[in-house]
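Here the structure is laid out as structure tokens; the discussion comes afterwards.
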Amino acid sequence: MTVLIVTCLVALAAIVVAQGLVLLEMVRQTSQIRRVLDLDDRPVPISLGDLAGRPLPEPARSIWPEDRDGVFVLLSTDCATCRLVASGLRDLLDRFVDKRIVTVLQAYHEDEAAELVAASGLAGDEVVVDLDRSYGEAFGIALRPAAVVVRDGILSEGAAVRNARQLQQLLEALGPSSDTDLSEVPRVSALTSGGAR
């Protein structure tokens, strides 16, 4: 009887090891397929049209220093992917203190916006609540979540972002920071509203 139990345990251990090795091989092959097909996790470029290469449109100018690099992150309260991006923003804000990151949160009511801001750990000075869609219209991008890259106060590029890693890639592409005095950066007042709806 003891021999039978030991034999079963050895066979079970061999099966578990074999399944573990198969899983590792599947992960390796999946990674190789992604590399061959160029399926890297990158932001998808979005055209800014006539806005590319121009200064920030109103109303964005009032909350952005002219010579600062950074990203406007365009999110919506009724978008599940936007919530995923928002959940990673706190970490990016802490890591990229030399870059300006402003979240433009499209919402129907300030209560919805406040809930998402609280859930993602953002502070009011990092978020503009866009109740009247004025910021979204100013950038000419209807897709959410999206990002608009700003270099030296000039609109550089737009991108669809599906997660915080893609947003991080955009911030890293801006390169090292200049010697900007962070004390002179204008703050967005707590849950600034773009207007009532």
Side-chain angles (χ1 to χ4, degrees), residues 43-77 79 82 85-86 88-90 92-110 112-114 116-117 120 122-161 164 166-197:
V44 178
I46 297 175
S47 171
L48 293 177
D50 292 341
L51 292 176
R54 291 192 166 174
L56 286 170
E58 283 298 332
R61 275 187 217 143
S62 62
I63 60 171
W64 198 277
E66 290 183 26
D67 60 345
R68 227 22 224 290
D69 290 349
V71 176
F72 277 97
V73 183
L74 309 176
L75 303 177
S76 175
T77 56
C79 160
C82 294
V85 171
L89 277 174
R90 176 78 267 149
L92 293 176
L93 285 160
D94 293 340
R95 289 176 54 205
F96 292 94
V97 294
D98 60 325
K99 306 287 186 263
R100 183 82 164 142
I101 303 171
V102 174
T103 303
V104 177
L105 185 56
Q106 211 173 50
Y108 292 104
H109 305 284
E110 283 199 31
E112 295 174 326
L116 181 59
V117 167
S120 54
L122 298 173
D125 62 327
E126 300 151 347
V127 179
V128 174
V129 177
D130 191 15
L131 295 176
D132 66 354
R133 312 297 193 253
S134 60
Y135 283 85
E137 290 173 8
F139 290 118
I141 297 176
L143 179 69
R144 302 289 182 272
V148 177
V149 178
V150 180
R151 287 187 169 90
D152 294 322
I154 303 296
L155 295 175
S156 172
E157 62 188 286
V161 291
Q166 292 180 349
L167 194 53
Q168 177 181 334
Q169 290 175 28
L170 291 173
L171 290 163
E172 288 171 347
L174 287 171
S177 68
S178 61
D179 295 329
T180 304
D181 181 5
L182 297 178
S183 65
E184 295 179 15
V185 175
R187 299 178 70 77
V188 180
S189 62
L191 288 178
T192 302
S193 295
R197 181 159 170 77

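What you see is a predicted model; the values in this text were computed from it and never measured.
Of all heavy-atom pairs between Gln166 and Val161, the closest is OE1-CA, 3.2 Å. Nearest heavy-atom pair, Arg61 versus Leu56, reported as atom, atom and distance to 0.1 Å: NE-O, 2.5 Å. Across all their heavy atoms, Ala160 and Ile46 have their closest contact at N-CD1, 3.4 Å. Closest of all the heavy-atom pairs between Arg68 and Val97 is NH2-O, 3.6 Å. Closest approach of Ser156 and Arg151 over heavy atoms only: OG-NH1, 2.5 Å. Nearest heavy-atom pair across Val71 and Trp64 is N-CH2, 3.4 Å.
Looking at Leu92 and Val73, their side chains never come closer than 4.5 Å, going by heavy atoms from C-beta outward. Side-chain contact between Val85 and Pro145 is present, with at least one heavy-atom pair separated by less than 4.5 Å. Proximity of Val150 to Arg100: side-chain heavy atoms (C-beta onward) are nowhere separated by under 4.5 Å. Side-chain contact between Pro43 and Gln169 is present, with at least one heavy-atom pair separated by less than 4.5 Å.
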_side-chain contact (heavy atoms from CB on, under 4.5 Å), that's the test. Do Ile63 and Tyr135 meet it? Break it down for me._
CA-CA 12 Å; Ile63 60 171; Tyr135 283 85; 4.2 Å; yes
_Candidate pair His109 and Thr77, rule side-chain contact (heavy atoms from CB on, under 4.5 Å), full reasoning_ = CA-CA 9 Å; His109 305 284; Thr77 56; over 6 Å; no
*asked:* Does Leu89 form a side-chain contact (heavy atoms from CB on, under 4.5 Å) with Leu75? I'd like the steps, not just the answer.
replied: CA-CA 11 Å; Leu89 277 174; Leu75 303 177; 4.0 Å; yes
_Worked check of side-chain hydrogen bond (donor to acceptor under 3.5 Å, both in side chains) between Ser76 and Arg144_ = CA-CA 6 Å; Ser76 175; Arg144 302 289 182 272; over 6 Å; no
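Under the side chain to side chain donor-acceptor pair (under 3.5 Å) criterion, Asp94 pairs with Arg90, sequence neighbours left out.
Between atom CG of residue Leu131 and atom CD of residue Gln106 there is a gap of 10.0 Å, rounded to the nearest 0.5 Å. Taking CG of Asp69 as the start and CG of Asp98 as the end, the distance is 8.5 Å to the nearest 0.5 Å. The line from CD1 of Ile141 to CZ of Phe72 is 11.5 Å long, rounded to the nearest 0.5 Å. Ile101 CD1 to Leu93 CG: the interatomic distance, rounded to the nearest 0.5 Å, is 4.5 Å. To the nearest 0.5 Å, atoms CG (Leu167) and CD (Glu172) are separated by 10.5 Å.
No donor-acceptor pair under 3.5 Å is formed between the side chain of Asp130 and the backbone N or O of Leu105. Asp132 places a side-chain N or O within 3.5 Å of a backbone atom of Ser134 that can act as its donor or acceptor partner.
Figure legend: cation-pi geometry between Arg133 and Tyr108, with NZ or CZ positioned under 6.0 Å from the six-membered ring centre and within 45° of its axis.
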